[in-house]
Amino acid sequence: MAWRRTILGLSGLAMGLLGTGATLNYFEEALPTTLNPLFAETMVDSRAQELVFDRLWYRDAITNELQSRVVKTHQVAEAGRAIKITLKEGITWHDGSSMTSKDLCFTVKSMLNRGTPSVVAAAYQEFVAGCETQGPSVALVRFRKVLPKPRERLGFHILPASQFSSTAISPDMEFSARPTGTGAYKGARTRREVIFDAQSNTHHSPSLMQLQLREGGDPLLQIRTLEGGEVQGIVVVPPGSRADLRASDEVTLKSYDLRSWWFIAVNTKNPALQDKRVRQALNLLIDRTELREYTIGVKPGDRNSPCEFISGPFVSVSPYYNRTIPTVPTANRAKADALLKAAGLTRIGGRWHLGEQPITLKIGMLANLNNEATDLLEQVGNQLGDAGFDRQTSKVSADEWSQEVVSGQSDFDLVIGKWSFGLVEAVGDLFHTNGRKNIFGYTDAGVDEFLNAYEDAVTDTEQKDAYHKLHARLADELPYLFLWKLDTKSAWRTEVRGNIITPYFYFTEIDSWKVVEN
Amino acid sequence: MLPLMVPAIITGLIWALPGDPASLICPPSRCSGTQALAERWNLDAGPFQFFVGWLRDALALNFGRSWSAFQGMDVGNLLAEAIPVSLMLVGLASLWIFTGVFGAATGWIHRRLDPLLQTSGMIPVLVLALVGAAIVDLTYGFGSSGQEGQMARIIIGSAVLGLADGAFAGAVAGTRGLFSSESRQRYVGVAILRGERELANTLPNVTPALVGQLRARLLHLLSGAVVVEVMLKINGIGDLLWAGTLEQDFGLVLGTATLFAVGSALLLVLQAMCEVAVALHVRRSPGVQAA
């Protein structure tokens, strides 16, 4: 076995050298907040962590099949309440030690430990009950209930037991900045960049010797730097900058399937917005076609539009999207006025009043969305202003967004934002009464019922049914005014080849990426 | 007392903010439960215990790890890397101040230049820093965050710090004002009539005021360094302080703010030592040689 491992290691090294030993520089939206997968908060975190760690199971970027680089065999056990996993042999951590079932069970126990304050782990705590090692390569993961498709739910990253003194893992451990994984690259974060150095392994043979991630900043500057060849890629290119890059011979625009959709969350605790007729009226007052044209540059009738309207919390290609619910592309002022009057609002001097008081809407927007939809906040404010609502607009920094808005501590009436999902489009955290990302603490028994039905569903059909009903309910209740799905595009120089972009996680197929001289 | 008061005040502020301190550092959107964190970060037994624990660790040069701004990175290492950068920035910027003082005292910078200096000094540090940041970004591209880019940022930052907000112009005007009022003293006129040099007579009497002015100007540079470091993305202490404050990373804020307090206290000590030295020098009544 030792000689086999040596040959594999040497061949991996040789592959790396043959792959030009190139360094790949790329711009990200921001620096990752952490490299510890248990505390991933942003898309940047997820993408960076994908380079350093292996997930237990993942979906192939091309075939969409469930695959694993670390699992040799698996078997459903205990009548569906457990899964017996046999790990591949010879996989080593970046520090040279072997990955064993002890590491897998350590990861599960860390996620179950209440001393690990991880939002990511909390999602697993709902259905994972424990883990037991049955030899160096075999582990039995137990569930709280029968899981019809356990592999789909077990997409967590495996952590090394040897790097921690207990299963209580904290975000401020050194591991968050300099983690040890089994992925293709060993990552280290500094103040201004993250460096990923290639690590050959039995299951990874990266061609690129090093990746350097830096924060992009101004989009124009990013594009000039890309065209100048100093940097090989930009992960997210704003729609307004795509035309320049599309015309370039040296750069290729590539689609990045993020399953992200835009919304305006409505504060249902505001006395004026408590009545769903007012929310329905607001939904009719927003002219999405006009917004799309002025902020993203999509003219009515444009073919291949990067922006597609939605009527619920899923992208239209999702199996959960309820196609019977129509979108609202244009405004209908007459119908909106009728709804507002029915809700008891009065129009005095052109302004809508609740009782004696004119209604002033405090509108916030996640600031970096302005890169993708320029002046969206002002345009929404203008449309509501024209309709007779006073408004105050302000942009929200990423920190304020995560610390105040998402945790329900902001004092906004309307919040413009964007959520991104992988293939698992679970929206329970957004709309359930106890949801961790329930922006305005929205609560509705019907919505909770459908969300619970989705969680308890055993078959795909049951899950789809639950979410179709949820879609219909939310389109009527409107705790969010659903706007659109906006395509995400990356730009990579043509000398970067084999750069398959995996939905959501981006770098899952990093081994195939290489840089060749044009 | 300053290096003790600053962390004490910050600790008080942490508890004065609404909500429990652990939830402020790691809000529910980021952390699912904060009880374990509160224990780990010594936040569970009140401000006094936290402060004493932090002080004990800080005296042993253990500042812990960053909680949120640079998760997992050692605060001591961050400070150790940032100190030389900030010293270089402030040091280079202070060359402008010293040049202004020297030039004004010796007459090397002519009075006729004063209106020009005053006008150029009116440019706010924010504007100059933004222009500087754009120059570095456009010149260095992807490498603007690398070593070369950082060095360029420090050099441009020091010029911004030394010139903006009237730093250089103020040093010139302040020094000139001190010397010209002292030159009007009767003893200076007598000394000149005796054939002695004006500067040699005025300098010992002006020095305490000059040192006081210099201390105030260096403090001005220190506070301005925060803005310049943030705008120009210089890896100094000011930028750490800003990042820590934004992310409510109180461990990082405590370390950096205390470091600023220590710097300020050191300047006070330096000023006192200069004043004592001047007093001793004057007491010795050194003879002034005739020109």
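Note that these values count all heavy atoms, side chains included, but never hydrogens, waters or copies made by symmetry. Sequence lines set the chain letters: A, B, ... in the order given, protein chains first and strands last, and positions in each chain run from 1.
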Once you round to the nearest 0.5 Å, how far does OG1 of T190(A) lie from CG of N77(B)? 13.0 Å

Strictly distance-based, threshold 3.5 Å: is any side-chain N or O of R40(B) a donor or acceptor partner for the main-chain N or O of S170(A)? no

Residue pair Q71(B) / T34(A): nearest heavy atoms and the distance that separates them: OE1-CB, 3.2 Å

From CA spacing to verdict: ring pair (Phe, Tyr, Trp, His ring centres under 6.0 Å), Y26(A), F142(B): CA-CA 8 Å; Y26(A) 68 100; F142(B) 190 75; 8.3 Å; no

Taking every heavy-atom pair that is under 4.5 Å apart, which of G72(B), S68(B), A243(B), G251(B) has the most such pairs with chain A? G72(B)

Given that the side chain runs from C-beta out, which part of S397(A) has a heavy atom under 4.5 Å from chain B: side chain, backbone, both or neither? neither

Given heavy-atom pairs under 4.5 angstrom as the criterion, report whether the side chain, backbone, both or neither of E193(A) touches chain B. neither

Are Y140(B) and E230(A) packed together at the side-chain level, in the sense that at least one heavy-atom pair is separated by less than 4.5 angstrom? no

Whatever's closer than 4.5 Å to a heavy atom in chain A on L37(B) counts as side chain

Verify the neighbour count for atom CZ of R114(A): are there more than 12 heavy atoms of other residues, nucleotides or ligands below 6.0 Å? no

CH2/W93(A): more than 12 non-hydrogen atoms of other groups inside 6.0 Å: yes

Contact class of D249(B) relative to chain A, heavy atoms under 4.5 angstrom: neither

Nearest 0.5 Å, what's the CZ-CE distance between R189(A) and M73(B)? 6.0 Å

Hey, which of N25(A), V120(A), T225(A), N36(A) has the most heavy atom pairs under 4.5 Å with chain B? N25(A)

Give, as side chain, backbone, both or neither, the part of Q150(B) having an atom under 4.5 angstrom from any heavy atom of chain A. side chain

So with a 6.0 Å cut-off around CH2 of W419(A), is the heavy-atom count from everything else above 12? yes

Using non-hydrogen atoms only, which part of A69(B) is less than 4.5 Å away from chain A: side chain, backbone, both, or neither? backbone

Taking C-beta and beyond as the side chain, do W41(B) and D172(A) meet within less than 4.5 Å on heavy atoms? yes

Just by modelled atom types, is the S144(B) backbone N or O under 3.5 Å from a matching donor or acceptor in the R192(A) side chain? no

Measure distances from Q212(A) to the heavy atoms of chain B and classify the residue's part below 4.5 Å as side chain, backbone, both or neither. both

Please say whether more than 12 non-hydrogen atoms of neighbouring residues, nucleotides or ligands are located less than 6.0 Å from CD in E148(B). no

So for S176(A), is it side chain, backbone, both, or neither that comes closer than 4.5 Å to the heavy atoms of chain B? both

Cut-off 4.5 Å, heavy atoms of chain B, and the answer for A122(A) is side chain

To check you understand the geometry: which heavy-atom pair defines the closest contact between I234(B) and R191(A), and what is its length? O-NH2, 4.0 Å

Pairwise side-chain contact, D218(A) with D137(B), heavy-atom cut-off 4.5 Å (strictly under): no

